[in-house]
Every structure is written in structure tokens, then in C-alpha cells.
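Only one structure is covered here, and it is reproduced in the block below.
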Amino acid sequence: MSTATTPAPAAAAESRRNVARDLFSSDRPYGVLLALIALVVFFSIKSDVFFTSANLQNIGRQTTLVTIMAVGMTFVIIAAEIDLSVASILKLSCVSAALFMNDFSNNWFLGAMVGIAVGAFIGLVNGLLTTKLGIPSFLVTLGMLGVAKGIAFVITDTAPVLVDSRPFWAVFYEGSIAGIPVPILWTIVALIIGGVLLHFSTFGRKVYATGGNATAARYSGINTDRTKILCFVFTGVLAGLASLIFTAQGHAARPDFADGLELDVIAAVILGGTSLFGGRGSIIGTLIGSLIIGVLNNGLVLIGVSSSWQIAVKGFIIILAVALSKRS
Amino acid sequence: MTTAQPLVDLRDITVSFGAVKALRGVSFDLRPGEVHALLGQNGAGKSTLIKVLSGVNQRDGGTVLVHGKETNFKSAQDSRDSGIAMVYQDLSLVPSMSVASNLFLGREPHGGTKLVRNRSIVHAAQKYLTEQGFPIKASARVGALPFAYRQLTEIAKALMGDIRILVLDEPTSALSAGEEEILFKTVADVTKRGVGVIYVTHRLHEVFRISDRVSVLRDGLNVGTHNTSDITMEKLVSEIVGPGHERMAQATLSVEEGDRRSAFRNESSESSTHAPVIELRGVKNARLNGVDLKVRPGEILGLAGMVGSGRTEILETMFGLRRADEGEVLFEGKPVRWGSPNKAIAAGVALVPEDRHEQGLVLADTIAANIAMPRLPQLTRAGAFTKGEANRRAKKAVSDLNVRAPGIHTKLQNLSGGNQQKVVFGKWLTPEPKLLLLDEPSVGVDVGARDEIYGIIRGFARNGCAVVVVSSELVELTLLCDTLAVIHDGRVTTCVHTSEVEGEERLHHLVQEPAR
Ligand SMILES: Nc1ncnc2c1ncn2[C@@H]1O[C@H](COP(=O)(O)OP(=O)(O)OP(=O)(O)O)[C@@H](O)[C@H]1O
Ligand SMILES: [Mg+2]
């Protein structure tokens, strides 16, 4: 082996660089990282409470839903597809889990499994319709946005469904391990699983190839349909997980919440440097993108921007951040 | 200045891409009415130089004079407005639109209103194509055309309008002799009108056929400009590859001089006793009308034929991209019905497709990632991608094929065209396939690399791999193959041993007028 002659420190540095390159998949989201730092500095100056550990934990908790779903969305978008139905999957998953726990068994674990299974199933349907019928995922998931939301309304009569299970609340929202609240731990779990899958597994290679050039991927023996379907299923599973956290937070599943959340999720992914055309992106980028969304949602409230202005300012800053990252 | 003022005068052009110095002070000029050939190895800087002229690439230093005036084009549109027409190495057509819409893209004729009239466009385009002798239907969708016809469409598009400078970057890489003639004729026509033509190619016989002057780039420097009549093929080759490397270009010299030296032939003849690796029996589908073919281990079979004759479709059927509606495909004696390439690849089949950008590569990905792509199942341990092994294979491919790149983590979009082609080939080097299907394997590949690719193909065959080659260059087929099958209209019309073919002429005949 020729590497035997390489001095050990150089080799170690090389492998460290390689890991860094894998994580960022050689598209460096430095531009948005700067934008995030700038926002944090700005809000810290403008508000005394912003940079306190209590508020930072707050941000973490508030960002949980967006970050977890954005991890799945990263896969879908790298595979050159889109999922507009994530917020509706969240609604249907959480009311399914809650109804199951009320009507069949109050076992928190079974309830959680039902929520996740519903998410996975909708993801599967999205994936099958997109690949096997060749309908663009934009249309499939736009339709699914309505279908899943509608069903969630019908089966609950649009009323919240209470969940009365201490262990459920504890596992998904109220507990903490070593002082870290569980929603943040769940976010970290989702990020790690997503990061390993995307950057270190063969499946990740297939996702990049499928999104980068589906024809060339097929000519290289990659089953692009299956790859895309798995991306949708993964997103569904993560939307299901997010729905459990959302339910535990309010002690109830609410079909009338989370409207428009898919836009925050997609914005987080794109802010993180993932290309809407597919083939490029990283999990670390998505984390940074989600944090920008979270910091904006939190900071704008703290400095007293009116809620109407918040929407406009958030939109403006998202455009600015993407423009910044394009230049660098 | 003694002669007429040059149309284009490039002086001391320098261009770098990050650490890569693509051009290190190149001067080049083009006179009215001449064809100036631009030659050089893959990555020498030919495409970069003409992209500086067209405004696609910005120069770091040097001056560009067009019609005697210093210019600074910022975009391709600027240069187009000064009468410069370009045919890029990698096609720039919109595949979802018709030939006519592509021809008129950006200059749609419209009546008083701003509305584009589709019918009149198709009509005008068809008239133009017929006049110029292009065998293309104006209403056809570009994405559905064979690759060579897309290349012709690109040429037709460049020739439209009032052009004064025509730049052709490897326009004939997929064309066979017949289609090449159409281009040569149009080039002769425009030069009579005083248009100057810059002609980039790796097919040296074309240089002697149509050019007046020739310039050679090596490693970003202009190493010589000559009148074509003053230079020989050997001297040209040695200038391209550099002193001391002439040996590398033996196969190219043979191809260019139409000479089939036995040293380059595959001498394994005992192959005929083995059972075939793949056999097609009366295979019919949308494009094939009953194909019977056998390829034995160690045999190199060439498929000759015109564009659209079904050569590519035969390879696609062997690779599982098309099914046999009738007849059967046998792999190692057993009937198979592969519905997708992954099954074929798992069985040991490899395909180097004809369109490297569409079918061969993920341009936004790295060399290592592209080379790993067809071998992912082997590069997986417990679900994890084994990066070390993938990198080792990529390094081997890069050095075996002499790919010029800063490293294996260079993105494909930053490689020159010929180096991209080498990577498409490099995807299949490890492990060796049992059946290697090659569709125009040496498109855009330079004189030295062609030898390396031929050597690897022969090495595979010696180890028992069956090889099927499609090439528009008949000499390449006679040089490389043991047997030749002539394809016409989706069936095999003639099958001959290469040794039985006397001269290229005869083969030419077979291809053009198939025996019944
Ligand atoms: N966008 C880019 N980024 C980085 N490097 C580039 C880029 N484009 C070209 N290069 C490098 O510049 C050099 C010259 O490339 P160029 O495409 O001009 O070669 P060429 O002579 O046209 O080769 P070929 O015969 O293969 O087409 C090569 O080393 C190539 O890798
Ligand atoms: Mg080139």
C-alpha cells in the first residue's frame, strides 16, 4: 500500500478532512452559517433574554417539528422531488395515534407506532404515485396535502383529541435526560440517523445519484423508483415522529394546527444549501437552515415585531440568506 | 499586416479555474475564409480557449480582438451578436422541444404580435434543413433523436443567420462518414462566403481533409501553428502528445491512416469453441426486427451500421433497458428477461452509453462517486458505503486511464469533455465485466487515451470477457474487433470475420448497401 509511506499525522488530517467533506458533501453552507451567526448576534444585542440558556432551549423546542421534518425533506429534495404534504401527514398521524389511544389501548408505545405507521403509509402512497404513475411529486403531494388534512378533520369532527397518558407526555415532550429536554434529544436522534444515512450509507449515494441524474443512475443499476419511494417513506416516518412530539406538547392531537408548516420545512432545507433541482445538499446544512427559521420565529417575537410584520420580515430574510449563500 | 485583417485575434490569453491553470498565455488567430483546426490532448485547453472567445469563460489576462476591435464579451449572446456561431462539445439543445423550436430559440420570427407561430417555424425550419442537406425532420422532438442527429441539429442551428465566424468543438464525435460529409460540405460553403471556421477535433484525418491551418495546444500553451500542407500526420501526433510520447499514439495513427497493423489485433481465435456469453435469438421489439447474435468469451464483436439502424438498441436490449417482445435473450446459456439494468449489472454486464451527459455521469458529483455508482452493492458493508475501497478503485481508474484532474474528488462538471468520457469508461474497470457493451467508447478521447482504452478492452477480452462495440468509425471497428455484424433496419444483414474484410472500402459498402 502506498499509504503506508505517508506520515501518520498527515493521514489523520486527511481523513479528518474527508469526514468534514462528507458531512458537508463538498457544498459548504458557510454563507448561511454566517447568516445564522449574524441573526444570533443581532437578536442578542436587541434583546436581553434572547441569549439565555432558557431561551436557547426554547428555540430548540420550538424548532423541533421543523428540524425533524426537514431531515426527511432533505432526502426528498436531494432526490429531485418535493413533499408538500408533510404538515398534513403530521395532522393525520397525530389524530390517528390519539384516537387509537382513546378507543383501543392507552399504551403509549402502541399509540406512537400507529402515528409513525400512518406517516410511513402516506409517504409510501406519495412515493408510489410519483414513481409508478409518473405524476410529478409536486401534484401528488399537493393533492395529499388536502386528502390527509380532510381525513384528519373528518375522523375527529375537527375537534382536538385529548391524550391522557403520562408516559406518552414524558417520552415525547416533558421528560429530560441529563438536563436536556426530550424534544431536543429526538431532534438530535433524527439528525444523526439522517446524517448517517445520507452521508455514510449506500442508500445516501443512491439518493444523490438519483437526484443528480436519474437516467445515469438507472444506467448504473440504481433502482431510482425504489430510492425515491424510500425517501418519501422516510419523510412520512419523521413527520409521524414530529406529530407525537406535537401531541405530547399540548396533551392533545389538534387537526387544526400546523397549517403552512411545510413551507418552513422546505425553506429550512433550501436555506441549508440543498438544491431544489436535486443532487446536492447536506444534513448539517439543513440543521443550520432550521435554526435560522427557529431563531427568526423566536427573535422577532422577543424584539416585539408585530405578528403581521413577522411574516413579511421572515420571508424577506429567507430570500436574503439564500442570496448570500449563492454569492459565497 | 500583409494579408487581410484577421477575423479573430487572441493574444496571450490566460485562464485559471482556482488552482488549475487551463490557459497559460495562448495566442491564436483566424483569417477570413479559412478553416483553422485546433488540436490537443484532453484537458489541453481547447474548449476553454473558444469559450473565452464566445464569452462563456472570462479570461484572466490577454486581449481578444474580433474584426480588429478589442472586445470583452460578457455572455454568449454578446458574441452571437457579433456574428460568432458556436457548436459546443456538449450539446446545448432543449430536449423537450422540437428541432424547429430549437433552431429558432431566442430568435423566433413573429408577425406584428409577439406570438410565436409554431406552424410557420416548423415550415421555415424544414425548408432550411432540406436546403442545407440535413436529413432531419423539423417537427421531431430533439430528445427522441439519435445522438448523432442531435449533433447535426446543433450544427444546423449554429449555421443559421448571418454568421462570420463559426466555431465547432468536436462536432463530428458521433457522426459516421456519411453524416460527416454533410458537415464538410456546409463548412466548404460558408468558407467560400468568407466565414472563418475554428475546428476542434481529435479525428486527425479530418484536419487534413478540411483545414488550411492547424494549431496545437499542450498543457495550456500553444506549441505550434502550421499550414496544414506543411505538416505530416506523424509530426502532428508527436506535437500533440509531446516529445518522447509518440509511442502512445500507435492506435490513433493506425486509425487515422486506415492501417490495420496486426500488432493491434486481438489474436485470440480459440474463443470460438466456448459457449456464448450472450445470445440473441430472433429478438424483436419496438426497434429490433429479429436480431440473431452470439458473442463468445474473449470475442470482440463490432456492430456497424448507419445512424438509426438499431445498433444502440441492440446494446440496450442486452443491458436490460429494453425487453424482447419476441424471441429470447440467453445469458451464459440461460434465458433471461431483465427488466432493468441492475439485474444485468449484477449478472456481469457493463454498458458505456453514447451520451455521457445524459446517460453516463452525474456531473455535479465527484469522480469517485461516479465510479462507485454501478458497483454500490459490492461497496456496501452492513448498509454502510465503504469509502476507502471506493476511493482506491477511483484512484486506479484515474491512473489507468490517465484522467487529468486535480484529484478523485474533482467534480465531473470541472473536467474536460474527453476526461469525462474516460470516467464513463472507468466506472466498469473493477471488477472486470463478463460482457462489456461499448457505444462509441472513444468519443472525444485524445490520441494517447485511445490507445489506453483499446489496450484495456483487449485485456478484458484476453481474460475471457465478451465485448460488443458500436462505433461510427469503421476503422476503429476493423482495428479492434474479431467479427463484424452489419446492422440495417433493426436486423443483422451480414456477419464477417474482420480478417475477411479487404479494406475499409468494402466495409463501407456493406454498411451503405446492405445485402439481403
Ligand atoms: N469549470 C471548470 N472548473 C475547473 N476546471 C476546469 C473547468 N473547465 C475546465 N477546467 C480544466 O481546464 C483544463 C482545460 O479544459 P478544456 O475543457 O479546455 O480542455 P479541452 O482541450 O477542451 O479537452 P477535451 O479534448 O477533453 O475536450 C482542464 O484541465 C480542465 O479540467
Ligand atoms: Mg473540450
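Below, chains carry the letters A, B, ... as their sequence lines are ordered, and counting in each starts from 1.
The candidate from A:Thr202, A:Asn213, A:Val196 with the greatest count of non-hydrogen atom pairs under 4.5 Å with chain B is A:Thr202. Among A:Ala209, A:Ser201, A:Gly212, the residue making the largest number of heavy-atom pairs under 4.5 Å with chain B is A:Ser201. Looking only at heavy-atom pairs under 4.5 Å with chain A, the residue among B:Ala390, B:Gly360, B:Gly383, B:Ala364 that has the most is B:Gly383. If you tally non-hydrogen atom pairs under 4.5 Å between each of B:Gln359, B:Glu316, B:Glu358 and chain A, the highest count goes to B:Gln359. Between chain B and the options A:Ala214, A:Ser220, A:Gly204, A:Gly221, heavy-atom pairs under 4.5 Å are most frequent for A:Ser220.
Side-chain contact between A:Tyr208 and B:Val362 is absent, with no heavy-atom pair separated by less than 4.5 Å.
Close approach to chain A, defined as a heavy atom under 4.5 Å from one of its heavy atoms, is seen in B:Met373, B:Pro374, B:Leu376, B:Leu379, B:Thr380 of residues 370-381 of chain B, taken by number.
Scanning both residues, B:Lys387 and A:His199, for their nearest heavy atoms gives NZ-O, 3.5 Å.
Among residues two or more places apart in sequence or in another chain, the side chain to side chain donor-acceptor pair (under 3.5 Å) test is passed with A:Lys206 by none. By the side chain to side chain donor-acceptor pair (under 3.5 Å) test, A:Thr274 is found to be paired with no residue, residues two or more places apart in sequence or in another chain being considered.
Under the salt bridge (charged side-chain N to carboxylate O under 4.0 Å, His left out) criterion, no residue pair touches residues 113-130 of chain A, with sequence neighbours excluded.
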